[in-house]
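Since the structure comes first, as structure tokens, the remarks are kept for the end.
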Amino acid sequence: MTTEKYLQRMKWLENMMICRAEKIDVGRSRATNMVAPTDKEPVQTSPRDALCEILSSVADDDKELQGYKSEYLYIKSQIDSLSGMYSSAYLYMRFAKDKSVNETARTLNISRSTAYRVHHDAIEEFEDLYGKIYKSAKTYQNLEHFGTV
């Protein structure tokens, strides 16, 4: 797995966290708005069963969300540990926030050519520090063996 692919996982993780959080909110809202049936309404399953199903789904989604958050924070901490003046900010903007080189250079108030140099230096430092963790992994699932997930 390349360094860029590994770092691009942050954007995917962020999207998955947003999706899971929305799904949890919907489930909580459904559970909160459940109304017990009156004696006049025919019921095939008890509201308690439906509520248990919803709460179980919310718990599963929350567990998944926590896994995404912990992986995201792990990669973020790796980025934050870089020593270059712009390295951490550059990699975070480029890969976690999916900004272009021009947008990143403009935000950091550096020239485009400096941005390319920062990119090269930051990737090189990142690989030196953490490359052994993800380089031999063929898929993201293989990262579990390196303790990143």
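The first residue of the sequence shown is numbered 1, and numbering continues consecutively from there.
Y86 and Y116 fall within a single hydrophobic cluster, where Ile, Leu, Val, Met, Phe, Trp and Tyr side chains are chained together by heavy-atom contacts under 4.5 Å.
Note that CD of E71 and CE of M16 are 11.0 Å apart. Values are rounded to the nearest 0.5 Å. Atom CG of L108 is separated from atom CD of E103 by 11.5 Å, given to the nearest 0.5 angstrom. The CG atom of L82 sits 6.0 Å away from atom CG of L91, with the distance rounded to the nearest 0.5 Å. Atom CD1 of residue I75 and atom OG of residue S70 lie 10.0 Å apart, to the nearest 0.5 angstrom. We find the NZ-CD distance between K5 and Q8 to be 6.5 Å, quoted to the nearest 0.5 Å. Taken from CG in D121 to CD in E124, the straight-line distance is 6.5 Å, to the nearest 0.5 Å.
Under a 3.5 Å cut-off, the side chain of T32 and the backbone N or O of R28 do form a donor-acceptor pair. Between the side chain of E125 and the main chain of S83, a donor-acceptor pair closer than 3.5 Å is present.
No side-chain heavy atom of Q78 sits less than 4.5 Å from a side-chain heavy atom of L129. Between L13 and Y74, every side-chain heavy-atom pair lies at or beyond the 4.5 Å cut-off. Under the 4.5 Å side-chain criterion, counting only non-hydrogen atoms from C-beta, M10 is in contact with I79. Under the 4.5 Å side-chain criterion, counting only non-hydrogen atoms from C-beta, R20 is not in contact with M17. With contacts defined as side-chain heavy-atom distances shorter than 4.5 Å, the pair V101/Y90 qualifies. When side chains are defined from C-beta on, M93 counts as touching T107, because their heavy atoms get closer than 4.5 Å. Counting heavy atoms from C-beta outward, N15 and K11 have side chains that approach closer than 4.5 Å.
Using a 30° and 60° split on the angle between ring planes, Y134 and F126 fall in the tilted class, from 30° to 60°. In this structure, W12 and Y68 have perpendicular ring planes: the angle between them is above 60°, well past the 30° mark.
Partners of D60 under the side-chain contact (heavy atoms from CB on, under 4.5 Å) rule, at least two apart in sequence or in another chain, are S56.
Taking every heavy atom of both residues into account, S111 and A105 meet most closely at O-CB, 3.9 Å.
Residue N109 qualifies as open at atom CG: its count of foreign heavy atoms under 6.0 Å is 12 or below. Within a 6.0 Å sphere centred on NZ of K69, other residues, nucleotides and ligands contribute 12 heavy atoms or fewer.
Residue pairs satisfying the salt bridge (charged side-chain N to carboxylate O under 4.0 Å, His left out) criterion with at least one member in residues 86-101, sequence neighbours excluded, are listed as follows: E14-K97.
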Show your working on side-chain contact (heavy atoms from CB on, under 4.5 Å) between E22 and V26 and close with a plain yes or no.
CA-CA 6 Å; E22 288 172 356; V26 168; 5.6 Å; no
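S81 and Y130 share a donor-acceptor pair across their side chains, judged by distance under 3.5 Å alone.
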